[in-house]
Amino acid sequence: MHVVVTGANRGIGRALAEHYRAAGHEVTGTARDGGETIPLDVTDPAQHSDMAKVLAGKPVDLLVCNAGVYLDKTQGMDGYAAEMWAQTFAANVTGVFLTVQALLPNLKAARGKIAILSSQMASHTRAPGGSYIYRASKAASLNLGRNLAVDLRPDGVAVGIYHPGWVKTDMGGGGAEITVDEAVEGLSQRFDTLSLDTSGCFETWDGRAHPY
Ligand SMILES: NC(=O)c1ccc[n+]([C@@H]2O[C@H](COP(=O)([O-])OP(=O)(O)OC[C@H]3O[C@@H](n4cnc5c(N)ncnc54)[C@H](OP(=O)(O)O)[C@@H]3O)[C@@H](O)[C@H]2O)c1
């Protein structure tokens, strides 16, 4: 299996890349620091185009859209600057779409799968307030995944949207509920079971259907 993971230099992305490498799969990690296989700032269309050229003709069995930011974690009601909205949506929404678009020929060739790391904070049902930018961006990535699932079904490409858990990473912080290893074990099982029958699902790392 050939797996592509964005944001593979730290956190959940790095651990997912290590997991699939250890299992004997071929992994293409991308990162904006250039330390991984392919340099990719997911907000940059030119770098997507370069990645598409490097991977041209190489089927992708699993694309994990992992790269993301949570810039408004500590904002008060007087915060949430317009620039913060723009930066967050560029990474968490546009970045996901551009990645899928760039690798679509590779995904179609493999009849592969797309896993979008959204969040429980995407949910309209579970809406406790605050973090307006992050929540809205993750809701948009959930919506994107649901609609891609419809459009890519005829090509045999399944799309799943996931809450990875509250994970001990730079983003999740030390007080989070689960380790990166626990998240990766659960997520990789979810990606295994993703199929055209379940395409468009919104699931938690431990296999529960999440309310939209
Ligand atoms: N941790 C949690 O509790 C939690 C909960 C729900 C959802 N999630 C989601 O899970 C995913 C991974 O989270 P994490 O906890 O591993 O976060 P993290 O530790 O903060 O790592 C984020 C990763 O995304 C990359 N990234 C950010 N902006 C990028 C850009 N413009 N282009 C390319 N890469 C970019 C970072 O690269 P740099 O090193 O270059 O910044 C880093 O590799 C995110 O989508 C996050 O929203 C996490």
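Side-chain atoms are counted along with the backbone in the values below, which use heavy atoms only and exclude waters and symmetry mates. Whatever order the structure lists ligands and atoms in, that order sets their numbers, starting from 1. Along the sequence shown, residues carry numbers from 1.
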Worksheet item: Which ligand 1 atoms does D170 reach within 4.0 Å, using its non-hydrogen atoms?
Response: 19 (O)
Worksheet item: Looking only at N/O atoms, are G13 and ligand 1 under 3.5 Å apart anywhere?
Response: no
Worksheet item: To the nearest 0.1 Å, how far is atom 37 (O) of ligand 1 from its closest protein heavy atom, and which atom is that?
Response: N9 OD1, 3.5 Å
Worksheet item: Between A90, G165, G172, which one has a non-hydrogen atom sitting closest to atom 4 (C) of ligand 1?
Response: G165
Worksheet item: Considering only heavy atoms of S119, which atoms of ligand 1 have at least one such atom less than 4.0 Å away?
Response: 6 (C), 7 (C)
Worksheet item: Looking at Q75 and Y80, what are the two nearest heavy atoms and their distance?
Response: OE1-N, 2.8 Å
Item to complete: Could you tell me whether ligand 1 has any atom less than 4.0 Å away from a heavy atom of W166?
Response: yes
Discussion item. Looking only at the side chains, is there a donor atom on one of T179 and D181 sitting less than 3.5 Å from an acceptor on the other?
Written reply: no
Discussion item. Among all protein heavy atoms in this structure, tell me which lies nearest to atom 3 (O) of ligand 1, with the distance rounded to 0.1 Å.
Written reply: V167 N, 2.7 Å
Fill in: Residue, atom name and distance, where the atom is the protein heavy atom closest to atom 36 (C) of ligand 1
R10 NH2, 3.8 Å
Item to complete: Please report which non-hydrogen protein atom sits nearest to atom 32 (N) of ligand 1, along with the residue it belongs to and the distance in Å to one decimal place.
Response: V42 N, 3.0 Å
Worksheet entry | Which segment of Y134 sits under 4.0 Å of ligand 1 when only heavy atoms are counted | side chain
Worksheet entry | Contacting atoms of ligand 1, where contact means under 4.0 angstrom from a heavy atom of G68 | 22 (C), 24 (O), 26 (N), 27 (C), 45 (O)
Practice prompt. Heavy-atom contacts with T169 under 4.0 Å: which atoms of ligand 1 show up? List them by number with element.
Written response: 1 (N), 14 (P), 15 (O), 16 (O), 19 (O)
Worksheet item: Roughly how far, to the nearest 0.5 Å, is the CG atom of L40 from the OG1 atom of T99?
Response: 5.5 Å
Discussion item. Tell me whether ligand 1 is touched by D33 - counting only heavy atoms on the residue side and a distance under 4.0 Å.
Written reply: no
Worksheet entry | Residue portion contacting ligand 1 (non-hydrogen atoms closer than 4.0 Å) for A67 | both
Worksheet item: Side-chain donor-acceptor pair under 3.5 Å between H163 and S118, yes or no?
Response: no
Worksheet item: Do the side chain of S123 and the main chain of Q120 share a donor and acceptor less than 3.5 angstrom apart?
Response: no
Item to complete: Rounded to the nearest 0.5 Å, what's the gap from CG on N66 to CZ on R14? Could you check?
Response: 12.0 Å
Worksheet item: Should K168 and I178 count as side-chain neighbours, where that means a heavy-atom distance under 4.5 Å?
Response: no
Discussion item. Checking contacts here: is it the side chain or the backbone of V69 that comes within 4.0 Å of ligand 1, counting heavy atoms only? Could be both or neither.
Written reply: side chain
Discussion item. Please give me the minimum heavy-atom distance between V42 and L98, naming the atom from each residue.
Written reply: O-CD1, 4.0 Å
Worksheet entry | For T43, the ligand 1 atoms whose distance to one of its heavy atoms is below 4.0 Å | 31 (N)
Practice prompt. State, yes or no, whether a side-chain contact exists between S141 and N92 at a heavy-atom distance under 4.5 Å.
Written response: no
Worksheet item: With ring centroids as reference points, do F191 and Y162 lie under 6.0 angstrom apart?
Response: yes
Discussion item. Can you confirm, on distance only, whether ligand 1 has an N/O atom lying under 3.5 Å from any N/O atom belonging to P164?
Written reply: no
Practice prompt. List the closest protein heavy-atom neighbour of atom 7 (C) of ligand 1: residue, atom name, distance to the nearest 0.1 Å.
Written response: S118 O, 3.1 Å
Worksheet, complete the sentence: Note: L40, heavy atoms under 4.0 Å from ligand 1, region reported as backbone
Response to the item:
closest protein heavy atom to atom 40 (O) of ligand 1 is R32 NE, 2.7 Å
Worksheet entry | Within-cut-off N or O pair, H163 and ligand 1, under 3.5 Å | no
Item to complete: Using a strict cut-off of 4.0 Å, indicate which atoms of ligand 1 neighbour a heavy atom of L117.
Response: 10 (O), 45 (O)
Worksheet item: For ligand 1, is R14 a contact, meaning one of its heavy atoms is under 4.0 Å away?
Response: no
Worksheet item: Can you find a pair of side-chain heavy atoms, one from Y70 and one from T88, that are under 4.5 Å apart?
Response: no
Worksheet entry | Pairwise side-chain contact, L107 with I114, heavy-atom cut-off 4.5 Å (strictly under) | yes
Worksheet, complete the sentence: Heavy atoms of R111 and D155 approach each other most closely as NH1-O, 3.5 Å
Worksheet item: Quick one: nearest non-hydrogen protein atom to atom 45 (O) of ligand 1, plus distance?
Response: N66 O, 2.8 Å
Worksheet item: So do L117 and V96 actually touch side chain to side chain, heavy atoms under 4.5 Å?
Response: no
Response to the item:
Heavy atoms of V157 and S199 approach each other most closely as O-OG, 4.4 Å
Item to complete: Mark the output for T6 as yes if a heavy-atom distance to ligand 1 is under 4.0 Å, and as no if none is.
Response: no
Practice prompt. Please round to the nearest 0.5 Å and tell me the distance separating atom OH of Y134 and atom CE of M121.
Written response: 6.5 Å
Worksheet item: For atom 16 (O) of ligand 1, what is the nearest protein heavy atom, given as residue, atom name and distance?
Response: I12 N, 2.8 Å
Practice prompt. Could you list which atoms of ligand 1 come closer than 4.0 Å to a heavy atom of G11?
Written response: 16 (O), 19 (O)
